[in-house]
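The sequence lines fix the lettering, A, B, ..., with proteins before strands; numbering per chain opens at 1.
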Amino acid sequence: MSLSMQPYKGARDFYPEDKRLHDYMFTTIRRVVRSFGYEEYDAPILEPLELYKAKTGDEIVNEQVYNFTDRGGREVAIRPEMTPTVSRMVAARRQELPYPVRWFSVPNLWRYERPQRGRLREHWQLNVDIFGEEGVAADHELIEVADGILKAFGATSSMYQVKINNRELIDVLIKDYLGLHDEQAHALTKLIDRMYKLDKEVVDKAIADVCGQDQTKIQKTTGLLQVKSLDQLPAEYKDHPATVAIRELLGVLSANRIDNAVFDISLMRGFDYYTGLVFEVFDTNPDNNRSMFGGGRYDGLVSLFGVEPVPTAGFGMGDVTLANFLDSHKLLPELPTETDVLVVLIGDVYSRASKIVRELREEGLNVAVDASSRKLDKKLKAADKRGIRFVMFVGEDELAAEQYPLKDLVTGNEEKHAVPRIITSIQDYRTQVN
RNA sequence: GCGGAUGUAGCUCAGUUGGUUAGAGCGUCGGGUUGUGGUUCCGAAGGCCGUGGGUUCAAUUCCCAUCAUUCGCCCCA
């Protein structure tokens, strides 16, 4: 029985071309997020299991967390999300932080689940959070960041849509307007979450079940789920503070050129810790009908650590869904290698050529050396395949004359120059590209 | 946890209505006289036909199981 060459189920190997793409994505993302004044943090991949028991949601802790008992008998989890961790970090310095705190990170997260399109067991997720800003400004800024990220990849606003809702409004509607008790409310939120995927008859039947066949409730619930705009809400809730917050957010977004944001009463989000405005960014490509970014306000999480509450809002965005988005909209660029030049040695010149190679590197060039004994055409082929643009030849004749052929594999041009001239022409090319 | 699809060369896939030595393209490696790629020409290597069991004179092919991949459901960042 030989060893398997496959990576662990639901996890990926990153070969250089994959890593390049990953780096490109997160370099772009970091640039945008930093432009809003966010600073990067990080934390251990392991956390005590009880961190997630508090507020995340039962199913996630019971079935989706990788956990084990360490040698000291501690229950340990591999982090399935970053929000509890960052809340812990803020709580630990609750008194001394300069608010509003703007932090981001790009952790890898693990969840034990069945892999499928857009969902793996390990993924990297951008987390952006703002602590200490209680108003709509926080939610607006986060959506601006999300929008800015997509635009930075060359996306246009028709490629995605921002859906907005308010947990508080949903709670009020379900408990006061519909008069459902906790168990019914839970069942209804789960139903709402997936109602667009179900047939109308199935939804109707499920509503009737949830409402215990109470005709008045069934009617009100059915009506509520058909609401498409704030104006269609029941009259007594049109000016509820939770509704006002949504209206205010939509207003500030459209005043700032974000025209693809809409109120969506079906937007729920799975985590129990959300307390106010919630939003998700969806790919409008039907092949990729998944949420790419999701987040909202979770004012209660920091205070779980026994400190004064901090108003908080944040969002997460996974690398897998983003890559699917970029791919389906053809927004992935060709990413060249970082290697500037391949120095091809001809004959027994290794020691003398090494001095030249060092000179090139001291000038900041990325230089690979081919000292193998393969034939020249094979070496050139390999350089081409690796996407290295320049090839410099070093052999006995060149060393004697101190003139080296530099070949540009794209144009096919080849000229002989001394080392300093070679360095500047490669550097010139590099600044020209960047 | 549930359901569908698929496992043949490094990759993409043919194929065998069950029958000797298993096929292509691409890729890899070597060569087309000794120091120049992307287009060509010649050649070679490389497969327990996912794994285990069953039926059969005979299984890569049919049946069962299992594992893996993948799409969807459940759930959801």
Checklist entry - Looking at A/Arg114, does any N or O in its side chain come under 4.0 Å of the phosphate oxygens OP1/OP2 on B/C71? => result no
Next on the checklist: Tell me whether the side-chain N/O atoms of A/Lys9 come closer than 4.0 Å to OP1 or OP2 in B/C67.
Outcome noted: no
In whole Å, what separates the [atom1] atom of [N] from that of [M]?
{"N": "B/A5", "M": "B/U21", "atom1": "C1'", "answer": "34 Å"}
{"N": "B/A24", "M": "B/C42", "atom1": "P", "answer": "14 Å"}
{"N": "B/A9", "M": "B/G15", "atom1": "C1'", "answer": "14 Å"}
{"N": "B/G19", "M": "B/U12", "atom1": "C1'", "answer": "29 Å"}
{"N": "B/C11", "M": "B/C49", "atom1": "P", "answer": "15 Å"}
{"N": "B/U69", "M": "B/G27", "atom1": "C1'", "answer": "22 Å"}
{"N": "B/G7", "M": "B/A14", "atom1": "P", "answer": "8 Å"}
{"N": "B/A22", "M": "B/C41", "atom1": "P", "answer": "28 Å"}

Item to check | Earlier contact from the 5' end, RNA chain B, for A/Pro7 and A/Thr321 | outcome: A/Pro7
Checklist entry - Considering heavy-atom distances to RNA chain B, does A/Met317 or A/Pro115 have its closest nucleotide positioned more toward the 5' end? => result A/Pro115
Whole-Å distance separating the [atom1] atom of [X] from the [atom2] atom of [N]:
{"X": "A/Leu380", "N": "B/U36", "atom1": "CG", "atom2": "P", "value": "9 Å"}
{"X": "A/Lys379", "N": "B/C29", "atom1": "NZ", "atom2": "C1'", "value": "16 Å"}
{"X": "A/Leu376", "N": "B/U33", "atom1": "CG", "atom2": "P", "value": "15 Å"}
{"X": "A/Glu113", "N": "B/C71", "atom1": "CD", "atom2": "P", "value": "13 Å"}
{"X": "A/Arg121", "N": "B/A77", "atom1": "CZ", "atom2": "P", "value": "18 Å"}
{"X": "A/Glu81", "N": "B/C76", "atom1": "CD", "atom2": "C1'", "value": "11 Å"}
{"X": "A/Tyr8", "N": "B/U69", "atom1": "OH", "atom2": "P", "value": "10 Å"}

Checklist outcome for this item: Quick note, salt bridge (Lys or Arg N to Asp or Glu O under 4.0 Å) partners involving residues 314-325 of chain A, not counting sequence neighbours, are A/Arg12-A/Asp319
Item to check | salt bridge (Lys or Arg N to Asp or Glu O under 4.0 Å) contacts in which one or both residues fall within residues 336-349 of chain A, not counting sequence neighbours | outcome: A/Asp340-A/Arg430
For residues [X] and [Y], determine if any side-chain heavy atom of one lies less than 4.5 Å from a side-chain heavy atom of the other.
{"X": "A/Leu249", "Y": "A/Ile164", "result": "yes"}
{"X": "A/Leu322", "Y": "A/Leu126", "result": "no"}
{"X": "A/Val145", "Y": "A/Phe315", "result": "yes"}

Side chain of [X] only, please: which of [options] is the nearest?
{"X": "A/Gln116", "options": "B/A77, B/C75, B/C74", "answer": "B/C74"}
{"X": "A/Arg374", "options": "B/G31, B/G30, B/U36", "answer": "B/G30"}
{"X": "A/Lys385", "options": "B/C74, B/G27, B/U36", "answer": "B/G27"}
{"X": "A/Phe393", "options": "B/U36, B/G37, B/G72", "answer": "B/U36"}

I'd like to know if the side chain of [X] and the backbone of [Y] have a donor-acceptor N/O pair within less than 3.5 Å.
{"X": "A/Arg79", "Y": "A/Asn108", "result": "yes"}
{"X": "A/Thr275", "Y": "A/Asp299", "result": "yes"}
{"X": "A/Asn256", "Y": "A/Val252", "result": "yes"}
{"X": "A/Asp283", "Y": "A/Tyr160", "result": "no"}
{"X": "A/Gln427", "Y": "A/Glu363", "result": "yes"}

Specify the residues of [range], ordered by number, for which at least one heavy atom lies under 4.0 angstrom from an atom of RNA chain B.
{"range": "residues 401-416 of chain A", "answer": "A/Lys407, A/Leu409, A/Val410, A/Gly412, A/Glu414"}
{"range": "residues 340-361 of chain A", "answer": "A/Ile346"}
{"range": "residues 122-133 of chain A", "answer": "A/His123, A/Gln125"}
{"range": "residues 12-31 of chain A", "answer": "none"}

Checklist entry - What residues, two or more places apart in sequence or in another chain, satisfy ring-ring contact (aromatic ring centres under 6.0 Å, His included) together with A/Tyr99? => result none
Next on the checklist: Run the ring-ring contact (aromatic ring centres under 6.0 Å, His included) test against A/Tyr41 and tell me which residues pass, sequence neighbours left out.
Outcome noted: A/Trp103
Once you apply a heavy-atom cut-off of 4.0 Å, does [X] come out as touching a base, just sugar-phosphate, or nothing?
{"X": "A/Gly118", "result": "base"}
{"X": "A/Leu109", "result": "nothing"}
{"X": "A/Asp377", "result": "sugar-phosphate"}

Can you tell me the Watson-Crick or wobble partner of [N], both distances under 3.5 angstrom?
{"N": "B/G18", "result": "none"}
{"N": "B/G7", "result": "B/C67"}
{"N": "B/C62", "result": "B/G54"}
{"N": "B/U33", "result": "none"}
{"N": "B/A44", "result": "B/U28"}
{"N": "B/C73", "result": "B/G1"}
{"N": "B/C49", "result": "none"}

Next on the checklist: With no hydrogens and no angle check, just 3.5 Å: does a side-chain donor-acceptor pair link A/Asn413 and A/Glu415?
Outcome noted: no
Sequence neighbours left out, what passes salt bridge (charged side-chain N to carboxylate O under 4.0 Å, His left out) with [X]? Give chain and number order.
{"X": "A/Glu47", "value": "A/Arg88"}
{"X": "A/Arg30", "value": "A/Glu40"}
{"X": "A/Arg352", "value": "A/Glu396"}

Checklist outcome for this item: The side chain to side chain contact (heavy atoms under 4.5 Å, CB included) partners of A/Tyr66 (sequence neighbours excluded) come to A/Tyr8, A/Ile78, A/Trp110, A/Tyr112, A/Arg121
Checklist entry - Can a donor-acceptor pair under 3.5 Å be found between the side-chain atoms of A/Glu398 and the base atoms of B/G35? => result yes
Item to check | A/Arg119 (side chain) and B/C75 (base): donor-acceptor pair under 3.5 Å | outcome: yes
Checklist entry - Hey, does the Lys NZ or Arg CZ of A/Lys407 hover above the aromatic six-ring of A/Phe393, less than 6.0 Å from the centre and inside 45° of the axis? => result no
